[in-house]
Amino acid sequence: MRRYGPCLLLVLVGAAVLRISLFGELYLRYVQAGLRPYLVVSGGALVLLGAAMAVVRRAGWEVDQEGNLSDGHDVEHGDGPGADHGHSHGVAGPRVAWLLTLPALALLFFPPPALGSYSAEREAAQRAAQGVGTFPALPAGNPVELTLGEFSSRAVYDSGRSLADRTVRMTGFVTHGDDGTWYLTRLFVTCCAADATTSKVEVRGAADGAPPVDTWVTVTGTWHPEGRFGTDSAWPPVVDASAVERVAQPADPYEKR
């Protein structure tokens, strides 16, 4: 049975990749939507490769260390030239290799969650190297829906003060500061979760105080100017909340650069 271990491992990994990319939207926790076709192709290729290896091995053939096909029974039972009849372990490798299936099974049945407050807290406050200037006017009407990235850019760098006297609505997850403050937070990705960076907005004036860490909320409120534009004193930006509503985590939890 050990000869099928590598085959099973390939199939499990491939099935896990297909599960998160082909049969749902879990892949959005790890990569951007545009990479879905590559995940599907990769998962399918791994499943097919594992199945093909199993067929070859069931037929009684093995691939030796030099990449040549040989009769698996000769190797496993010591029938070939120079075989060690008393101590053969077979080409399938040691039994401990079966432990490699555990991560694959975990990924298949218990996919890890999206990055949250822990990752956000490990990321230093962003101080983007962009100059202060004017931004395009916001759409008419209140409240105006903004991403945290849009709000932060305008709050820190917009000398035209386009946020003044406007009501905004933003969605993110909750992180806590060391001094009782709390933040509406979002992670930004360029390609995948590995390159995630953090944007956060300090929330003040919420009637019910700070929600629990990692709770997803939609905050409605107004910009509270802090510091001089383009300096560290303007970061993180602040919003005076008029309403805080708990919401479900979106299918795509990340904002795009």
Side-chain angles (χ1 to χ4, degrees), residues 25 28-29 32 113-128 130 132 135-189 193 196-257:
E25 296 183 337
L28 292 173
R29 296 179 180 180
Q32 291 202 31
L115 300 180
S117 59
Y118 176 80
S119 299
E121 290 167 359
R122 309 304 297 180
E123 177 70 28
Q126 298 181 55
R127 297 176 177 88
Q130 67 181 86
V132 173
F135 283 55
L138 290 170
N142 282 321
V144 58
E145 299 279 351
L146 293 178
T147 66
L148 263 66
E150 292 168 339
F151 179 85
S152 298
S153 295
R154 291 175 182 269
V156 176
Y157 300 107
D158 183 13
S159 59
R161 300 173 64 87
S162 59
L163 291 173
D165 302 320
R166 299 300 305 272
T167 301
V168 299
R169 180 183 289 141
M170 301 173 290
T171 297
F173 61 89
V174 175
T175 56
H176 291 176
D178 296 330
D179 53 357
T181 58
W182 68 279
Y183 303 92
L184 187 66
T185 307
R186 206 73 182 256
L187 292 169
F188 290 81
V189 299
T197 56
T198 308
S199 181
K200 63 182 182 180
V201 174
E202 182 181 344
V203 181
R204 297 180 184 174
D208 297 328
V213 169
D214 285 327
T215 302
W216 280 83
V217 297
T218 294
V219 173
T220 303
T222 55
W223 172 48
H224 185 112
E226 287 281 344
R228 184 165 58 89
F229 287 113
T231 66
D232 288 348
S233 61
W235 178 268
V238 180
V239 62
D240 291 324
S242 58
V244 177
E245 177 187 2
R246 297 194 183 193
V247 296
Q249 176 180 302
D252 186 355
Y254 306 123
E255 289 185 4
K256 309 302 185 293
R257 294 184 185 281

Taking all non-hydrogen atoms of both residues into account, name the closest pair between [X] and [Y] and its distance.
| X | Y | value |
| --- | --- | --- |
| A155 | F229 | O-CE2, 3.5 Å |
| R154 | S162 | NH1-OG, 2.8 Å |
| A251 | P253 | O-CD, 3.3 Å |
| W223 | V238 | CD1-O, 3.6 Å |
| P212 | R246 | CD-NH2, 3.2 Å |

Does any non-hydrogen side-chain atom of [Y] lie less than 4.5 Å from one of [X]?
| X | Y | value |
| --- | --- | --- |
| S199 | F151 | no |
| V217 | V174 | yes |
| V244 | W182 | yes |
| S152 | W235 | yes |

Are there more than 12 heavy atoms of other residues, nucleotides or ligands under 6.0 Å from atom CG of D178? no

What do you reckon, is CZ of R204 surrounded by more than 12 foreign heavy atoms closer than 6.0 Å? yes

Output all residues satisfying side-chain contact (heavy atoms from CB on, under 4.5 Å) with R166, sequence neighbours left out; order by chain, then residue number.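 side-chain contact (heavy atoms from CB on, under 4.5 Å) list for R166, sorted by chain: L138, N142, V144.
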
Of all residues at least two apart in sequence or in a different chain, which pass the side-chain contact (heavy atoms from CB on, under 4.5 Å) check with E245?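 Partners of E245 under the side-chain contact (heavy atoms from CB on, under 4.5 Å) test: V247.
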
Donor-acceptor pair, side chain of E255 and main chain of R186, under 3.5 angstrom: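 No; judged by distance alone, with no hydrogens or angles, the pair does not exist.
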
Ignoring hydrogens and angles, tell me if any N or O in the side chain of T185 forms a donor-acceptor pair with the backbone of K200 under 3.5 Å.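 Side chain of T185 to backbone of K200: no pair is present.
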
Rounded to the nearest 0.5 Å, what separates atom [atom1] in [X] from atom [atom2] in [Y]?
| X | Y | atom1 | atom2 | value |
| --- | --- | --- | --- | --- |
| E145 | M170 | CD | CE | 10.0 Å |
| R169 | T220 | CZ | OG1 | 4.5 Å |
| Y183 | L148 | OH | CG | 13.0 Å |

Passes side chain to side chain contact (heavy atoms under 4.5 Å, CB included), L163 versus L146? Steps please. CA-CA 11 Å; L163 291 173; L146 293 178; 3.9 Å; yes

Let me see the working for L184 and V239 under side chain to side chain contact (heavy atoms under 4.5 Å, CB included), right down to the final yes or no. CA-CA 9 Å; L184 187 66; V239 62; over 6 Å; no

